[in-house]
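Each remark here refers to the structure printed beneath this line.
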2 protein chains.
Amino acid sequence: MPLTRTAPARTKLLDAALTLIREKGYSATSVDELCQAAGVTKGAFFHHFESKEALGAAAADHWSEVTGAMFASADYHRKADPLSRVLGYIELRKSLLEGEPAEFTCVAGTMVQEQFGASDDIRTACRNSIFGHAATLEADIDAAIAAYGLSPDWTAKSLALHSQAVLQGAFILAKASSDKDVARDMVDHLSRYVRSLFPSPPAQEA
Amino acid sequence: MPLTRTAPARTKLLDAALTLIREKGYSATSVDELCQAAGVTKGAFFHHFESKEALGAAAADHWSEVTGAMFASADYHRKADPLSRVLGYIELRKSLLEGEPAEFTCVAGTMVQEQFGASDDIRTACRNSIFGHAATLEADIDAAIAAYGLSPDWTAKSLALHSQAVLQGAFILAKASSDKDVARDMVDHLSRYVRSLFPSPPAQEA
DNA sequence: CGCAACATACCAACCGGTTGGTATGTTGTC
DNA sequence: GACAACATACCAACCGGTTGGTATGTTGCG
């Protein structure tokens, strides 16, 4: 029995929001455009979201779920050495810099840059997305600190956030220059920095 | 004779644009708001700018001039050691992270994030602002490379751009968290990275 | 005068949001 | 298991306000 023949309107709207917000930003994306891209009517929009602002916050949460699932299933978690996991994460981020800026940039970073002063719900959802993602790196960084017997004057949390800052900044430079290679160079610097914080490069392993 | 009792409308509009774009972003800032903030009428606006887009591009150029003058007159240029100049620049950037995000963030970075796909004039003006500012660091970095006799596998240009990426990313994290201390931590990591690239810390000097 | 620098008044298109409505479940009760 | 009561999901048409932009003054100075 074909119970759910098509995706529900809410999901289609959230998926469309991720695309459109990355392409044009939040403010420049109208509710009508969202509905057209999702193939639903405005009535459906306001049935599922009480306002455009509510959709923006929900889109940031949706982004957290989509990207969270993707990174959770990535290969770099399987490495035994914690520093290799951290560097593997960074290499993965570099490998994702493909295609047009709108295809590899961050919805949360894009949206919070515009809306941080206008909507606290959106700001909080974007903060949770970015800081929550950074938190998934913290354990590996802490494990690497322990494995190398370091007592650094920086914290695993701040280094995890730094990696996000470099990526967000790389996205801006890529957008400004229409050149993803610039962003890749920034990630290389990040990788070099992380390696500099630990005494010796880890041995290659599967 | 009171020839120019007040600033001309064009300048007032550009100054208002810098403030409003940092506070609310480009798309969410209306022409009417711009005119009200500048204390001029819409007729004056479209007398000086043929469109809102033209004002956006002009605002990015204006931002380049304002910030360019500020950094050109900064103290860090007076240090004899080139690495000290680079680190002095970074410390200056850290010291500028004061007050609300809208007071210390970058107009060009904010605007290009929204408008990179919609307006090539704005995108180019923002790219020139960011990349032009980065270029002012390149000579000092190259001089530091020479002074330390380095043959690095990175370029002065990419390191200069990396510093801009870290700053732009730090702005996003500060906006997302409403916490400038996060941004300061990112700049500390940048400073630590730059120091790691050169063999020994430079001696303190005036 | 002549022309740049503004101001006033206005417009069509578009904005986010609301309305009244329908079709299709789901649930509680006897 | 049948039927009323209700909930969910969605739609087409519409609303008042705001948008970027224009057309037409007015003013002041060389």
Side-chain angles (χ1 to χ4, degrees), chain A residues 1-17 19-21 23-60 62 111 114-115 117-123 125, chain B residues 1-17 19-21 23-60 62 111 114-115 117-123 125:
Chain A
M1 53 294 228
L3 287 177
T4 51
R5 43 225 174 268
T6 86
R10 185 188 152 88
T11 302
K12 288 194 287 185
L13 281 165
L14 288 173
D15 287 339
T19 301
L20 286 174
I21 289 170
E23 283 175 1
K24 342 191 350 166
Y26 170 84
S27 295
T29 300
S30 72
V31 174
D32 282 330
E33 276 177 304
L34 250 0
C35 293
Q36 197 178 347
V40 303
T41 61
K42 209 182 261 196
F45 184 102
F46 285 100
H47 172 72
H48 290 288
F49 306 102
E50 73 170 9
S51 64
K52 185 189 175 187
E53 179 182 352
L55 167 109
H62 187 53
M111 201 161 24
E114 301 181 55
Q115 294 299 311
S119 163
D120 226 57
D121 286 355
I122 291 180
R123 204 211 83 234
Chain B
M1 53 301 218
L3 286 178
T4 52
R5 45 215 173 276
T6 86
R10 185 186 151 89
T11 302
K12 287 194 287 185
L13 281 164
L14 289 172
D15 287 338
T19 301
L20 286 174
I21 290 170
E23 281 174 4
K24 342 194 346 169
Y26 171 84
S27 295
T29 300
S30 72
V31 175
D32 282 331
E33 276 177 305
L34 251 359
C35 293
Q36 196 179 347
V40 303
T41 62
K42 209 181 260 198
F45 183 103
F46 285 100
H47 172 73
H48 289 288
F49 306 102
E50 73 170 10
S51 65
K52 186 190 173 185
E53 181 182 352
L55 168 108
H62 186 53
M111 201 160 28
E114 299 181 55
Q115 293 299 310
S119 164
D120 226 57
D121 286 355
I122 290 179
R123 204 211 83 235

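Lettering of chains follows the sequences in order, A, B, ..., and the numbering in each one begins at 1.
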Smallest separation among heavy atoms of K12(A) and V40(A), with atom names: CE-CG1, 4.0 Å

Closest contact, heavy atoms only, F45(A) versus S51(A): CE2-O, 4.0 Å

Closest nucleotide among dC10(D), dT18(C), dA7(C) to the A44(B) side chain: dA7(C)

Proximity to the side chain of F46(A) - top-ranked nucleotide from dT18(C), dA7(C), dC10(D): dT18(C)

With A125(B) via side-chain contact (heavy atoms from CB on, under 4.5 Å) - residues at least two apart: A57(B), A60(B), D61(B)

Shorter than 3.5 Å, N or O on both sides, protein versus nucleotides 12-15 of chain C: list them out with atom names.
none

Carboxylate-amine/guanidinium proximity below 4.0 Å for R123(B) and D120(B): yes

Partner residues of F46(B) under the ring pair (Phe, Tyr, Trp, His ring centres under 6.0 Å) criterion, sequence neighbours left out: none

Between atom [atom1] in [X] and atom [atom2] in [N], what is the gap in whole Å?
X: E50(B); N: dG20(D); atom1: CD; atom2: P; value: 16 Å
X: L20(B); N: dG20(D); atom1: CG; atom2: C1'; value: 16 Å
X: E53(B); N: dG21(D); atom1: CD; atom2: C1'; value: 14 Å
X: K12(B); N: dA7(C); atom1: NZ; atom2: C1'; value: 12 Å
X: Q36(B); N: dT19(D); atom1: CD; atom2: C1'; value: 15 Å
X: L14(A); N: dA9(D); atom1: CG; atom2: P; value: 13 Å
X: L13(A); N: dG17(C); atom1: CG; atom2: C1'; value: 15 Å
X: R10(B); N: dA4(C); atom1: CZ; atom2: P; value: 16 Å

Residue-phosphate contact under 4.0 Å: H47(B) side-chain N/O, dA4(C) OP1/OP2: no

Below 4.0 Å: OP1/OP2 of dA5(C) and any side-chain N or O of H48(B): no

R10(B) vs L13(B) side-chain heavy atoms within contact, under 4.5 Å: no

Net bend of the helix from dC1(C)-dG30(D) to dC30(C)-dG1(D), end axes of five pairs each, nearest 10 degrees: 10°

Residues that Q36(A) engages under side-chain hydrogen bond (donor to acceptor under 3.5 Å, both in side chains), provided they are two or more places apart: none

Residues forming a side-chain hydrogen bond (donor to acceptor under 3.5 Å, both in side chains) with S27(A), sequence neighbours excluded: E114(A), Q115(A)

K52(A) to Y26(A) six-membered ring, cation-pi geometry met (6.0 Å, 45°): yes

